[in-house]
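This report refers to the structure that appears directly beneath it.
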Amino acid sequence: MWLLLVVVCLAGGLAACSGQDADQADSGDERYTITSLDFLYTNIPPKEGRGVQMIEEKFNVDYQREFGVYTDYREKLTSRVASGDIPDVMGFTMEEDKANYFQWAKQGAFLPLNEYIDDYPTLKRVPQEVWNSVTVDGKIYAIPRYFPQTYLNTPIIRKDWLEKLDLDMPTNYDELKKVAIAFAKEDPDGNGKDDTYGLVLGEQGYPFYHFGTYWDADAWYHKNDKGQYIPGVISEARKENIRHMADLYKEGAIQKEFILLKPNEANTKMFYAGKAGIFIGSPRGMSEDYMKALTKIDPEAELAAIPPFEAPDGSRGYTAGSGYYTANTLSAKLADEPGKVRRILEIIDFGRQFYPVEKRNPKNKDYDWLYGHEGKGYEMAEGQAIPASGTEGLAPWHYLLDNKMWAPSDEANQYSKTYKHPPLKRVVKDLEEMHAGIKHYFNPIHQVFSPTQVNKGREITDELLNEQAKMITGARPLSDWDQVVQKYLEDGGAQMIKEVNREIKEKNIKPGWQ
């Protein structure tokens, strides 16, 4: 948890508070009461913690920050909006609350923010494709919180196993098949037992081993015969991917009972237990404990990123993400209080300031204030800030409306410098360099809203994935592909495709590579 706090904090520029004390902000003489409702998954801070007091002093506000545990938050949020008791600021997880967000925006619950964006450095930094995703009828009603765009999970491999078996890094699916079968049959761990696999699969065939956007189940990259973008999970490229996985399953390169394996078990019981040679990883969010467990089993274990394969259409790259996960909205009731709106945006902008890794220390007064001052709200250990538990509420970081630093680029995060375990630092660095050297496809699905996708998308996709998993095991023939796709379309997929493509056209979205 402390690593997440250190790595994913603030954004902006170090000049934001130059020439003034870090504990003070140029917030004007009028004192505003600011109410907010947000969620956390754990570690709910006290309402009147020290961090609240620091924010009130710095920004000259009466700061009323209310949190709910995420499992109960959506019901609480809906109840508040239905009653008309809308706080000044509300937090959304757009993956789960997208339908509510668009519905309430159309009903006039939120304040349009278009006119304010250019006045705040960290808001100006948000790419247009991210703004598109929260735009309703031309108006921006939400401020997205940062999440890396290009650092989604992509395949990684046991480099030490490649070297031991005198194999090259795979560059296409035929080479991947050769490597995966060798990992399963040629005893790469040297223990004399038949106990290794080429790659790990879990329930529903997770993770979806695509080696480029062309094969990505989640990318809206391919088109149907009507010229409409379609979800990759029903594309012919996905069918070929399933065929490759079925071949590996027959060869014993995938564990027999993969459909019973939970996603986290794929980590702990398989890959990081030294049982398989290929899995997934990302520069952000890797587990030091998992990697330590692997290197304890095999001190020679070394991981590396697998670059994307060249696709039949000549493309070569991985898919970008949405660039955010959660967001803040402001109440429409603030329309006649521009001063209060600007005070809120000032607090949001400060919390999003970006600090390079080398500036995350007590010498940086803004950073030191953010975490409640060294020795009070955090301690330094091996060059990194270790915040106190959020349940103590000792630092502003725990209470800010947005505490996710908006980096000028994904590479600027330098995540590899934030890890301690050398083998993990190396693979994260390799992933960073790989992503920096390739193109990424900007998936149009992140920029649109489809009611059918929100209401039925997960259900019909889960059903489809279960059938595709059966095709991998041979429990259902691949010749049934058209049949299961047709059911997906009839159950809501066709309507979803229609809605998504209508939005793409109306918003003039241009999917493509960057």
Distance (rounded to the nearest 0.5 Å) between I347 CD1 and Y32 OH: 11.5 Å

Spacing of CH2 belonging to W369 relative to CG belonging to N364, to within rounding of 0.5 Å: 12.5 Å

Test item: D410 side-chain N/O and Q149 main-chain N/O as donor-acceptor pair under 3.5 Å: yes

Distance-only donor-acceptor check, side chains H210 and T319, under 3.5 Å: no

Electrostatic pair R80-D85, nearest N-O below 4.0 angstrom: yes

K58 charged N/C atom sitting above F350 aromatic ring, 6.0 Å / 45°: yes

Q453 and its side-chain contact (heavy atoms from CB on, under 4.5 Å) partner, picked from E499, M496, R458: M496

Heavy-atom side-chain proximity of E288 to Y419 below 4.5 angstrom: yes

Backbone N/O of F449 and side chain of E503: donor-acceptor pair under 3.5 Å: yes

Donor on one side chain, acceptor on other, N153 and Y318, under 3.5 Å: no

Euclidean distance, F271 CZ relative to M291 CE, rounded to 0.5 Å: 7.5 Å

Any L370 side-chain heavy atom under 4.5 Å of L400 side chain: yes

Pairing of R145 and D38 as salt bridge, 4.0 angstrom limit: yes

Centroid separation Y101 to Y141 less than 6.0 Å: no

Neighbour count above 12 (heavy atom, 6.0 Å) for E75 CD: no

Candidates Q64, R343, K340 - the one meeting side-chain hydrogen bond (donor to acceptor under 3.5 Å, both in side chains) with D88: K340

Side-chain heavy atoms of V136 within contact of K139, under 4.5 Å: no

W220 CH2 to Q447 CD distance, which is reported to the nearest 0.5 Å: 13.5 Å

Backbone N/O of Y272 and side chain of N267: donor-acceptor pair under 3.5 Å: no

Residues, nucleotides or ligands: over 12 heavy atoms within 6.0 Å of E96 CD: yes

Aromatic ring proximity, centroids under 6.0 angstrom, F92 and F110: yes

E459 CD: over 12 foreign heavy atoms closer than 6.0 Å: no

Aromatic contact, Y221 with Y441 (centres under 6.0 Å): yes

Gap between atom CZ of R65 and atom CG of L401 - 0.5 Å precision: 5.0 Å

Distance flag, aromatic centroids of Y371 and Y367, threshold under 6.0 Å: yes

T391 versus S389, side-chain donor and acceptor atoms under 3.5 Å: yes

pair D119-L345: side-chain heavy atoms closer than 4.5 Å: no

From Q255 atom CD to L199 atom CG, the distance as rounded to the nearest 0.5 Å: 8.0 Å

Short N-O contact, K262 and E203, less than 4.0 angstrom: yes

Charged N-O contact under 4.0 Å between R74 and D97: yes

Side-chain touch V200/L261, heavy atoms, less than 4.5 angstrom: yes

